[in-house]
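As structure tokens, the structure follows; a few thoughts come after it.
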There are 2 protein chains.
Amino acid sequence: MPQHHPPKTPAETAAPTTRVDSAIRAITDYIHGEGLKVGDRLPSEAAFAESLGVSRTVVREAFKSLAAMRIIEMHAGRRARVGGFDASVMALSLTHALRTEQINAPQMWDARRAVEMRSVALAAMRRTDAEAAALLEQVAQMRDCVDDLARMTELDIAFHVAIADASRNPLFSVLVGSLSSAIRETNPMVWRHRRDNETRRDVVEAHAAIAQAIADGDPDAACAALAAHFDLAARALATAGFN
Amino acid sequence: MPQHHPPKTPAETAAPTTRVDSAIRAITDYIHGEGLKVGDRLPSEAAFAESLGVSRTVVREAFKSLAAMRIIEMHAGRRARVGGFDASVMALSLTHALRTEQINAPQMWDARRAVEMRSVALAAMRRTDAEAAALLEQVAQMRDCVDDLARMTELDIAFHVAIADASRNPLFSVLVGSLSSAIRETNPMVWRHRRDNETRRDVVEAHAAIAQAIADGDPDAACAALAAHFDLAARALATAGFN
DNA sequence: GGCCTGAACTTGTATGATAGGTTGAACAAA
DNA sequence: TTTGTTCAACCTATCATACAAGTTCAGGCC
């Protein structure tokens, strides 16, 4: 029997238990109802407090909760504004899931592969010339620091996110960014097992192949190159002892 | 030039600006440092307040923020516990992104397609017999309510999530759940354009083909069936006027 | 043993106060 | 008219305190 997922409508239909919860609901409804877009200003905490008939404490916790999810942005003195979609929330969530062993590294890599397989294909079809050049440049930078693990990790993530940006679908940027970011912590363990520089160079060349395929505007080649990249990673994961 | 994403390490390395932010950081670090797992109890708000040298208000807002992200769970009178990974956070985030037009429906569908393409393949390889039977049963239920839009929508989501569950990768359950859930709001608009029952029946049969392929343990057939399903959806989206 | 009870603890919410950041309009200077 | 300054009003960040209501668990009673 499949596990039962309680059906949840957006913003959790489940009757709000605490006043903070209902305040959160009221605020999101307000944003939606007023048709507010990113950057638009919200009423003050005091205003919500009065209109909802609760203390400012309650509204404040609701605001903070929404700010944590980047649904709104808060700054001292300034009114809260509607927030922009961002990878950080999902990244935090995924990092937590990894650390608490609700998900393991191979599972994360598997999902990442699925997402990026589409991301590179779109990038190959939609990239601008500037983006193509930038990707090739990033690969060049990677070649220069096969020994610097930390730098390599950051370049790696930036490279994959840049591809996602070129896909012209911000959702891919966020998904790729958060999935990559969450894996960051396991990355050093994997690389430690690539002792010989030759293997490390293989990784860089895998990236080069992806960048080239995207520059050539060849989705199929890009997918093939990405598949090779992930196969390499999968082997490394296995070697590093991830189950 | 590709847009510059400021590199963010997990839990945002960016120097915490407010005390609440640093409290959030301290709490997540505590969870990680103590190696706490899902369900483990955290120290009380008062304890954190004292150890961090801030008021309970600050700790409370930090707790609420983490609770919003499901990193911890809070209940009146009970100590906070480490929370389980859940689709609701991402669903809320995505729903907000859709409502504020940071992402549009076709983009969401595209990402969903990428994720589910892998989800069904894994499900076909790993599903238990019980899961296969359950999927077929769910399709049967869908056949019985082609006229009930709301019910159909919920069954649809439940079906895709059930497949993800069968993939044995909880990340897919979360991704599929949240992506499907976020699309829920646009679903009625799409279905309104499938006037004739014949087309609606096509949709149900597309699901049937997926379920059958998974039951047969045939990943390739499952992918093909899923592709057909999404092509159908893409056409409907176009008809409904989504750009 | 099993059930009940209450004290101790913990979270949920309210109130009031203060410090410090932000904003916008009135006003002065160029 | 334009630009720059200043200040009052507004707003958020944080604190201290208080009390209601839910939870836990050790004893005590049957």
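Labels below follow one simple rule: chain letters A, B, ... track the order of the sequence lines, proteins then strands, and each chain is numbered from 1.
Atom CD in A/Glu61 sits roughly 12 Å away from atom P in C/dT11 (whole-Å rounding). Residue A/Met74 contributes atom CE, which lies 14 Å from atom P of C/dT22 at whole-angstrom precision. Taking atom CD of B/Glu73 as the reference point, atom C1' of D/dT23 lies 16 Å away to the nearest angstrom. B/Leu66 places its CG atom 16 Å from the C1' atom of C/dT11, with the value rounded to the nearest Å. Here the P atom of nucleotide C/dT11 and the CZ atom of A/Arg19 are 19 Å apart, to the nearest Å.
Side chain of A/Ser55, nearest nucleotide from D/dT14, C/dT13, C/dA14: C/dA14.
Between A/Arg113 and B/Arg118, the closest side-chain pair of non-hydrogen atoms is not below 4.5 Å. Between A/Ser93 and B/Met69, the closest side-chain pair of non-hydrogen atoms is not below 4.5 Å.
For B/Thr100 (side chain) and B/His96 (main-chain N/O), a donor-acceptor pair under 3.5 Å exists by modelled atom type. Looking only at distances, a side-chain donor or acceptor of B/Gln102 sits under 3.5 Å from a matching main-chain atom of A/Phe85. Using a distance-only test at 3.5 Å, with no hydrogens or angles considered, a donor-acceptor pair links the side chain of A/Lys37 to the main chain of B/Arg99.
For B/Ser181 and B/Arg184, the side-chain atoms include at least one donor-acceptor pair closer than 3.5 Å.
Contact between A/Leu122 and A/Ser167 at its shortest, heavy atoms only, is CB-CB, 3.7 Å. Taking both residues in full, the closest heavy atoms of B/Asn169 and A/Gln107 are given as ND2-O, 3.1 Å, listed atom of the first, atom of the second, then distance.
Contacts between residues 36-51 of chain A and DNA chain D, counted as heavy-atom distances below 4.0 Å, involve A/Ser44, A/Glu45.
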Contact list (N/O, under 3.5 angstrom) for nucleotides 16-21 of chain C vs protein:
none

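A residue-by-residue look at A/Val20 and A/Arg81 shows that A/Val20 has its nearest nucleotide of DNA chain C further toward the 5' end.
Residue B/Arg79 places none of its side-chain N or O atoms closer than 4.0 Å to OP1 or OP2 of D/dT24.
Heavy-atom neighbours of A/Gln141 CD from other residues, nucleotides or ligands within 6.0 Å: above the threshold of 12.
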